[in-house]
Amino acid sequence: MSPDRIDLHTHSTASDGTQSPADLVRTAAAAGLGTVALTDHDTVSGWASAAGAAEQCGIALVRGIELSTEHEGRSVHLLGYLPDPTHPGLVAELERTVHSRDSRLETMVTRLRAEAGLDITMAQVNAQVPPGATPGRPHIADALVAAGVVPHRDEAFTRWLRNDSPYYVHHYAPNVLDAVHLLRDAGAVPVVAHVFADRGDAPDPALVELLAENGLGGIEVEHRDHDERARTLARELARDLDLIVTGSSDYHGTGKQNQLGENTTTPEMLERIEASATSSTKVIRA
Ligand code: AMP
Ligand code: FE
Ligand code: FE
Ligand code: ZN
């Protein structure tokens, strides 16, 4: 194990990853990481079992979350490190988002049945969502895989589930600036995730500048969805706006190709995250 290998963005079965939080932490330790962050979409329900596993296998655990937010009609993912999980405003916002995700999946399934002719039911989708997990499009994909319609998630996304698909339905998501303020209020360090992932347009620095004026702590630079141009711009912005720089895998188990530790964050940057967090949620070190 190398204490210097730090991966700050992963997903478990508490959202749309395929490994339980404990298995994920054990896999991270076996992969030689010294620190891993669990950042499930819109939930902290994986924290407790991840913490138990981290103590057992001697890897440091950063408890985090990835909030789905929106800015001018576009989805923006915001990582929050070390929030107070009992913060009433945060708890209420997570409940609202997860509730809306439920009804949105129902609408998508209805459309997929009626308009795409897919023989899929909400019961089949729900069977793919573990108790307490944040439901998402990957669970529709998993139901289609289980039914033998497609061989893997990726094909379900390409054919029916991608953002510009006619069957795509939005869920409620907080405004990104409100979400930055909320995370800070909950003592967390907000870090914008894969903000320059290719959407067919040029990477736009204006959003990052706006976020930085509103309390953003850092920017995810090293991520497989960032090409060299995106990384260069992100690094320049981090320097000019004094933002923390992270690199991470965005691991989803077998749900995506991303591998643990494929990008990493330096110990200096993790120190800055810890120094910037104000809640009583600390990095767990065995
Ligand atoms: P949702 O939050 O329900 O809108 O679903 C978005 C999630 O789908 C993202 O967090 C990704 O993990 C996952 N996703 C997006 N595109 C793909 C893909 N092509 N293959 C597998 N998973 C994907
Ligand atoms: Fe995901
Ligand atoms: Fe994300
Ligand atoms: Zn993610």
Side-chain angles (χ1 to χ4, degrees), residues 6-21 24 28 36-47 50 62-71 74-81 83 94 97-98 101 104-105 108 125 128-130 132-143 145 152-154 156-158 161-163 168 170-171 173-174 176 179-180 183 188-199 203 207-208 211 216 218-226 230 234 246-265:
I6 301 165
D7 186 342
L8 291 184
H9 184 168
T10 72
H11 298 267
S12 74
T13 49
S15 63
D16 58 357
T18 60
Q19 276 188 306
S20 72
L24 183 155
V36 68
L38 182 68
T39 54
D40 277 303
H41 298 286
D42 305 311
T43 187
V44 298
S45 68
W47 281 15
V62 180
R63 287 167 290 178
I65 193 163
E66 185 175 20
L67 295 185
S68 316
T69 76
E70 72 84 38
H71 173 70
R74 261 173 47 168
S75 170
V76 179
H77 283 184
L78 201 57
L79 295 157
Y81 294 111
L94 297 180
T97 301
V98 170
R101 280 173 159 282
R104 166 266 200 151
L105 283 194
M108 283 191 73
V125 174
Q128 301 298 324
V129 186
T134 301
R137 283 177 283 163
H139 300 109
I140 300 182
D142 289 347
V145 173
H152 42 70
R153 275 186 186 179
D154 205 40
F157 269 87
T158 308
L161 303 177
R162 58 183 198 278
N163 289 0
Y168 178 81
H170 287 281
H171 61 76
V176 67
V180 167
L183 284 173
V189 185
V191 172
V192 68
H194 47 73
V195 66
F196 296 141
D198 185 20
R199 294 188 178 93
L207 171 62
V208 177
L211 293 175
L216 185 74
I219 180 167
E220 191 175 58
V221 174
E222 313 297 336
H223 184 287
R224 71 157 58 203
D225 294 349
H226 279 177
T246 68
S248 300
S249 66
D250 205 355
Y251 177 72
H252 282 70
T254 57
K256 279 187 163 183
Q257 290 180 356
N258 310 32
Q259 292 303 310
L260 282 167
E262 67 176 30
N263 291 294
T264 54
T265 299

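Given the structure is predicted, the values throughout are model-derived calculations rather than measurements. Order of listing sets the numbers, starting from 1, for every ligand and every atom in it.
Angle subtended at the Fe ion (ligand 2) by His252 NE2 and Asp16 OD2: 110°, rounded to 10 degrees.
The count of protein N, O or S atoms under 2.8 Å from the Zn ion (ligand 4) stands at 4, with waters excluded from the count.
Note: His41 and His11 have parallel aromatic rings, judged against thresholds of 30 and 60 degrees for the angle between ring planes.
Checked by atom type and distance alone, the side chain of Arg162 pairs as donor or acceptor with a backbone atom of Thr158 at under 3.5 Å.
For the 3.5 Å distance criterion, the side chains of Thr43 and Ser45 qualify, holding a donor opposite an acceptor. A donor-acceptor contact closer than 3.5 angstrom is absent between the side chains of Asn163 and Arg74.
At most 12 non-hydrogen atoms from other residues, nucleotides or ligands lie less than 6.0 angstrom from NE2 of His170.
Taking a cut-off of 2.8 Å, the protein N, O or S atoms nearer than that to the Fe ion (ligand 3) are Glu66 OE2, His77 ND1, His194 NE2.
Listed here is the closest heavy atom pair of Phe157 and Ala141: CE1-CB, 4.3 Å. Looking at every heavy atom in both residues, Ser12 comes nearest to Pro21 through OG-CG, 3.5 Å.
Considering His71, Glu70, His194 as possible partners of Val76, the one that fulfils the side chain to side chain contact (heavy atoms under 4.5 Å, CB included) test is His71.
Expressed to the nearest 0.5 Å, how far CG of Asp40 lies from CD1 of Ile65 amounts to 8.5 Å. The structure places CG of Asp142 at 9.0 Å from CG of Asp16, a figure rounded to the nearest 0.5 Å.
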